[in-house]
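In what follows, a structure is listed as structure tokens, so that the remarks can point back to it.
Side chains are part of it too, since the values below use all heavy atoms of this structure and drop only hydrogens, waters and symmetry mates. Just so you know, ligand 1 is whichever comes first in the structure, and atom 1 is the first atom listed for that ligand.
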Amino acid sequence: MQDTPRGLRLHIGIYGRRNVGKSSLLNGLVGQGASIVSDTPGTTTDPVEKTLELDPVGPVVFIDTAGIDDEGALGALRRERSERALDRTDVALLVTDGAWGRDEEALADAFTARKLPYFVVANKADLGADGADGAPCGALPGHVRETLSGCGVVVVAASALLGHGLDAVRESIAMLAPEHAIAQPHMLSDLVPPGGLAVLVVPIDLGAPRGRLILPQVQAIRDLLDGDQMCLVVKERELRAALDRLAAPPDLVVCDSQVVLKAAADTPPGVPLTTFSILMARLKGDLVELARGAAAIQRLGPGDRVLIAEACTHHPLADDIGRVKIPRWLRQYAGGDIEIDVAAGKELSEDMAAYALVVHCGGCVINRGNMLARLRAARRAGVPMTNYGLAISLTQGVLPRALGPFPAALDAFRAAAGGA
Ligand SMILES: Nc1nc2c(ncn2[C@@H]2O[C@H](COP(=O)(O)OP(=O)(O)OP(=O)(O)O)[C@@H](O)[C@H]2O)c(=O)[nH]1
Ligand code: SF4
Ligand SMILES: [Mg+2]
């Protein structure tokens with residue numbers, strides 16, 4: 001990923017007064033001495049840029065800036081450069097050492113005026129108890145925290161010195177990263193040679209919107225056209241006839257998860273086949289981890305608890321996939337009653353440890369960073385996570401085939417399933 005062009009990287013600006021630990025924070029996140037640190041205020045004079053691969057976001061550029069309170073004529077020049085760095089910033093970190101005054105207010109106002117997503121890092125949280133309530137010096141005063149949270153601004157406590165809170169900083173970056181600023185991998189054009197042909201199998205049933213295709217289907221067509229490839233779009237009923245009419249087999253067949261059994265039966269074994277859901281999981285999340293998580297379905301037994309997680313609160317349909325179909329397939333597969341809860345909405349509760357498995361929706365309303373943050377939350381709770389499409393393919397017995405085009409994910413699934 002080191003060859004990702006700078007323009008495609010998420011730019012993260014680190015702002016704050018002198019000596020609050022901006023450069024230390026950058027070094028902690030980067031894991032190396034990218035920026036010079038000292039207890040002399042004004043150590044960083046010009047913005048320092050560092051490119052790296054930041055888990056869970058992807059390729060990024062960090063911009064470490066000079067203290068916003070820099071004094072004198074030279075200070076004004078440095079301040080101006082720091083302010084110009086705002087033009088390149090996609091997500092801003094406002095670092096404080098626990099104090100909140102005019103400089104912090106000015107920065108927050110500048111971010112808001114530019115509609116720049118930002119969060120506050122209350123650094124130096126290690127400096128020990130400060131007074132009777134035992135609050136660390138690095139913590140912000142209560143009324144400031146309340147005002148910030150009232151405006152929806154996240155505050156993360158950290159100690160750059162001890163390396164504490166850095167995961168929370170990474171996750172907040174991922175949560176706030178605008179979709180357009182994250183380098184997007186291909187959806188499927190890397191799976192088809194130039195000039196090659198993909199067949200897309202799109203069921204037109206009662207669940208299909210009237211008069212149009214859904215976003216993943218449109219995205220797939222566009223990605224193939226961008227890749228100078230061809231595509232043929234058919235319903236599942238016509239798939240076999242369409243394949244019979246071709247002079248040579250296609251390079252890939254992609255189907256909706258709900259018709260994967262029929263599509264797999266109608267597609268000759270030598271032709272790679274996958275589902276839209278698996279393509280979206282690769283684009284949006286971590287396909288390898290979701291494939292590993294799918295193996296946990298094989299271990300489900302009566303009495304286990306499964307959490308169905310949906311990223312939005314849509315109105316459930318009569319035969320809703322998350323509330324009706326997947327629970328039915330999981331229960332059939334496990335051969336007994338499984339307790340199933342549904343969590344719908346923007347937040348995924350940290351309280352997942354009681355579940356044997358989380359089955360997540362495609363997450364069409366959240367960005368990649370948010371999806372990766374959810375995966376990390378499940379990992380922290382020690383609970384495997386998979387998604388709807390992988391779960392459907394597994395319960396239909398065709399997951400290894402559908403993962404065929406993705407050897408790393410298939411290996412991860414097989415390794416995890418081997419331990420089942
Ligand atoms: N106790 C404690 N000290 C810290 C922490 N982070 C940074 N420091 C110290 O604070 C001092 C300033 O750190 P820097 O990272 O240079 O701060 P800066 O904001 O980049 O400063 P300028 O470049 O001068 O604006 C150094 O002595 C650091 O070791 C922390 O989390 N806890
Ligand atoms: S896939 Fe999209 S529409 Fe479906 S539950 Fe998830 S966020 Fe909502
Ligand atoms: Mg510095």
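For a threshold of 3.5 Å applied to N or O pairs, the pair formed by Ala158 and ligand 1 contains no separation below that value. When only interatomic distances are considered, the shortest N/O to N/O separation between Thr65 and ligand 1 does not fall below 3.5 Å. Backbone and side-chain nitrogen or oxygen atoms of Ala66 are examined, and none is located within less than 3.5 angstrom of a nitrogen or oxygen of ligand 1. An N or O contact shorter than 3.5 Å links Ala160 to ligand 1 by distance. Of the polar atoms of Gly21, at least one N or O is found under 3.5 Å from an N or O of ligand 1, judged by distance alone. At under 3.5 Å, a nitrogen or oxygen of Ser24, whether backbone or side chain, sits near a nitrogen or oxygen of ligand 1. Taking only nitrogen or oxygen atoms, main chain and side chain alike, Ser23 reaches within less than 3.5 Å of ligand 1.
Within 4.0 Å of ligand 2, protein heavy atoms come from Glu310, Ala311, Cys312, His314, Cys361, Gly362, Gly363, Cys364, Val365.
Taking atom 32 (N) of ligand 1 as the reference point, the nearest protein heavy-atom neighbour is Asp126 OD1, 2.6 Å. Nearest non-hydrogen protein atom to atom 21 (O) of ligand 1 is Asn19 N, 3.0 Å.
Considering only residues two or more places apart in sequence or on other chains, Tyr15 meets the ring-ring contact (aromatic ring centres under 6.0 Å, His included) condition with Phe111.
Protein N/O/S atoms found under 2.8 Å from the Mg ion (ligand 3), listed by chain and residue number: Ser23 OG, Thr44 OG1.
Under the 3.5 Å distance criterion, with hydrogens and angles disregarded, no donor-acceptor pair is assigned to the side chains of Tyr388 and Gln258.
The backbone N or O of Ala264 sits less than 3.5 Å from a side-chain atom of Arg401, completing a donor-acceptor pair.
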Would you mind writing out the side-chain donor-acceptor pairs for residues 202-212 within the sub-3.5 Å range, not counting sequence neighbours?
from	atom 1	to	atom 2	distance (Å)
Asp205	OD1	Gly207	N	3.0
Asp205	OD1	Ala208	N	3.1

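Nearest heavy-atom pair across Thr386 and Leu290 is OG1-O, 3.0 Å. For Glu236 against Lys262, the heavy-atom pair with the smallest separation is O-CE, 3.6 Å.
The Arg18 neighbourhood of ligand 1 comprises atoms 25 (O), with distances under 4.0 Å to a heavy atom of that residue.
Proximity of Arg170 to Leu29: side-chain heavy atoms (C-beta onward) are separated by under 4.5 Å at one or more points.
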